[in-house]
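Here's the structure, in structure tokens; my notes come after.
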Number of protein chains: 2
Amino acid sequence: MTASIKDVARAAGVSPATVSRALGKGPVSAALRAQVLEAVRATGYRPNLAARRLRSQESGTIGLVVADIGNPFFTGVARAVEEAAYQAGLRVILCNTGEDPAREAIYLRLMQEERVTGMILAPTRVTAERLATQPPEVPVVLIDRAGPPGGFDSVLLDNQAASAALVDHLVAQGYRRIAGLFGQTSGTGIERAEGYRAAMARHGLPVRERFLLPQVVAAEQGFAALRAEGPLPEAVLVSNSLLLMGVLRASRAAGLRIPADLALAGFDNEDWTGLVEPGLTVVEQPLAEIGRVAMALLFERLRLPGTPVRKVMLSGRCVLRGSTARRGGPEAD
Amino acid sequence: MTASIKDVARAAGVSPATVSRALGKGPVSAALRAQVLEAVRATGYRPNLAARRLRSQESGTIGLVVADIGNPFFTGVARAVEEAAYQAGLRVILCNTGEDPAREAIYLRLMQEERVTGMILAPTRVTAERLATQPPEVPVVLIDRAGPPGGFDSVLLDNQAASAALVDHLVAQGYRRIAGLFGQTSGTGIERAEGYRAAMARHGLPVRERFLLPQVVAAEQGFAALRAEGPLPEAVLVSNSLLLMGVLRASRAAGLRIPADLALAGFDNEDWTGLVEPGLTVVEQPLAEIGRVAMALLFERLRLPGTPVRKVMLSGRCVLRGSTARRGGPEAD
DNA sequence: GCGGTCAATGAAAACGTTCTCAGTCACCTT
DNA sequence: AAGGTGACTGAGAACGTTTTCATTGACCGC
């Protein structure tokens, strides 16, 4: 088939070992190295990574397992991860689980079979729990979603604080009857719900919440159900951008004016949230930072396996836009 | 380290060959198979994919090399590709080149070293030309962007027709001075420009075009340059969603009303294009279909390597929205 | 009852690398 | 001049699988 290192060796008139050294790091005389390089060119040799990995017992690969590659949050993080890996001479295997725990399990197994050097993982709640009892043999860094207490290195947004900040902002703008819609598959949705609840309690306001699948259509249906079950709230807090889009769509379809009939606040500062009218108030997550820190944690654990578990908590940034303009006041922004 | 097939064999009291057969397809008695499975459980054995690939000489992996994983066009295609691969029991390696030919070359080499079964590729113009002289040894299917004539299987949008359809629509709506902004890194941008030129010629209208890097900021600057160089056109045709966003931003910043001061039409029916006010007229590409067809072409070529090269051309669907409402008329939607 | 077929199993080779080990040669020290 | 040092090189083992080949029985038809 394709040329192997032996073919190159024969062409260059040296031993396979010398070819390996000439291409790698070993000591080789300049003359032989030139011969080898010429032979490589002549034969069109490409090293076989499977053989290399088998022999050297290291894959030079890290696994990145996320819920949804269509979600700009994960693509943002993935870019930073890939960039860091590229700098370090590592490859990235990207896996897309679609929030499906079964698929997550399959990919986790696959990563082990690939003998990845380490993994970065955004687990569903189901998988997060399973990780506690069946930890993978390779270093794992969790992103976006908390794992079992004390278990793994992780880099997280301070979801409770961010959620509470949105509630405080809404209250300050004059809203009182604030409903919450949260994703149900991830620990993140749960945490954001808790922040919402705590802040509402602090203000002495009643909670009204629903948990949904993190999909646009689920949010449209969920919002419809919310309306059906009782009076329209003054504002809705939403735990991710897919749900935010769904609620926006549904409220548009219902002819609601934003924020006059309904204020809206959510997570993830995607481009489109600033382009719709009015702009949507969101908590911006530091995507690149999350990716970079995750890789840094992974590298450190690989370097010093014994170090205690570290959880890095990053803060979001509130981007205030017209969707939460002062209640009853002029539509700012 | 981790258990190997020999450990399992020892635990089960059989030979490594029998373990391999029990786990794979070979004929094994039910009793021994049960023993082996039990031993696998006991030892926590996970097959080593590097060894398997080396021995069996097939990677069970296909490479997907795209320009920008942050671009919803590519994530949409990637999803379909991954789904098809998953069904077929194949893995996908996803590579992100950022429209950088150097990085593209690196990843193409990497795919060969991984001994991928086949590749799906959206090349920049530079790489597309290089493919003609240095074709990879594995089957390649091109998507989104045409390669060298007659060279590779590919699945493409009928860009010229789609572009012309947008021009025709704009003309029908009463627009005459129509400018075009196109991406310069891909053959796609070029083709869309050609369709624009041809349609404008057909209508006897003058062409006014610029070629830009496919980035939001480049479009903002490009649009500013367009305005600086002469009178504001009545409409702008834009060759992809990043440029579309840039032009929308820039025209908002300049206080232009759409479509009264400037009509806008582009490519890719992303969610946000229907959520902004007014909605943007776009050509929708069949993302999932592109991914599926690409995989189908790849599979067929693997099955029957001798078949002649096939180019599948899919049509886009015009989604008409308010951004191209009739000139001077009421703002329809 | 006997050659022949067939399923099940094990021994050992092979996949393409890297790495250890031992060897060669040139050069330096004493 | 003998021994030591060091840089370079090749032979061969090893990585963990799959696969070929041979062997063993069991079973079949005659």
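Quick note: numbers below take in every heavy atom, side chains included, and nothing from hydrogens, waters or symmetry partners. The chains referred to below are lettered A, B, ... by the order of the sequence lines, with proteins before strands, and numbering in each begins at 1.
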Look at the side-chain N and O atoms of [X] and state whether any lies under 4.0 Å from the OP1 or OP2 oxygen of [N].
X	N	result
S4(A)	dG16(C)	no
S56(A)	dT18(C)	no
Q57(B)	dG16(C)	yes
S15(A)	dT9(D)	no

With sequence neighbours excluded, give me every salt bridge (Lys or Arg N to Asp or Glu O under 4.0 Å) pair touching [range].
range	value
residues 116-139 of chain A	none
residues 20-48 of chain A	E38(A)-R41(A)
residues 285-309 of chain A	D153(A)-R301(A), E289(A)-R292(A), E300(A)-R310(A)

May I ask you to test the S4(B)-T43(B) pair for a side-chain heavy-atom distance under 4.5 Å?
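Not touching, per the 4.5 Å side-chain cut-off.
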Just so I know, are the side chains of D144(B) and I290(B) near enough to count as touching, which here means a heavy-atom distance under 4.5 Å?
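Not in contact.
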Report all side-chain donor-acceptor pairs from residues 61-70 of chain B shorter than 3.5 Å, counting only partners two or more places apart or in another chain.
| from | atom 1 | to | atom 2 | distance (Å) |
| --- | --- | --- | --- | --- |
| T61(B) | OG1 | S59(B) | O | 3.0 |
| D68(B) | OD1 | R79(A) | NH2 | 2.5 |
| D68(B) | OD1 | G70(B) | N | 2.8 |
| D68(B) | OD2 | R79(A) | NH2 | 3.3 |

Return the residues of residues 30-54 of chain A meeting this criterion: a heavy atom under 4.0 Å from some atom of DNA chain D. Order them by number, or give none.
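Those residues are L32(A), L54(A).
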Is there any protein nitrogen or oxygen under 3.5 Å from a nitrogen or oxygen in nucleotides 20-26 of chain C, and what are the pairs?
none

Pairing residues for [X] by the side-chain hydrogen bond (donor to acceptor under 3.5 Å, both in side chains) criterion, not counting sequence neighbours:
X	answer
S56(B)	none
T185(B)	E99(B)
S154(B)	K311(B)
T97(B)	none

Output the single nucleotide from dT9(C), dT18(D), dT9(D) whose closest atom is nearest the side chain of V28(B).
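Of the options given, the side chain of V28(B) lies nearest dT9(C).
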For the side chain of S29(A), counting heavy atoms from C-beta on, which of dC15(D), dT17(C), dC8(D) is nearest?
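Shortest atom-to-atom distance from the side chain points to dC8(D).
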Tell me the interatomic distance from [X], atom [atom1], to [N], atom [atom2], rounded to whole angstroms.
X	N	atom1	atom2	value
E58(B)	dT17(D)	CD	C1'	13 Å
R115(B)	dG16(C)	CZ	C1'	9 Å
K25(B)	dT17(D)	NZ	P	17 Å
E113(B)	dC15(C)	CD	P	20 Å

V312(B): which residues meet the side chain to side chain contact (heavy atoms under 4.5 Å, CB included) condition with it, sequence neighbours left out?
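Here the qualifying residues are V155(B), V293(B), L297(B), L314(B).
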Take the C1' atoms of the five end pairs on each side of the helix from dG1(C)-dC30(D) to dT30(C)-dA1(D), get both axes, and report the angle to 10 degrees.
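Result, rounded to 10 degrees: 40°.
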5' priority, DNA chain C, between T18(B) and T18(A) [closest heavy atom]
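Counting from the 5' end, the first nearest nucleotide belongs to T18(B).
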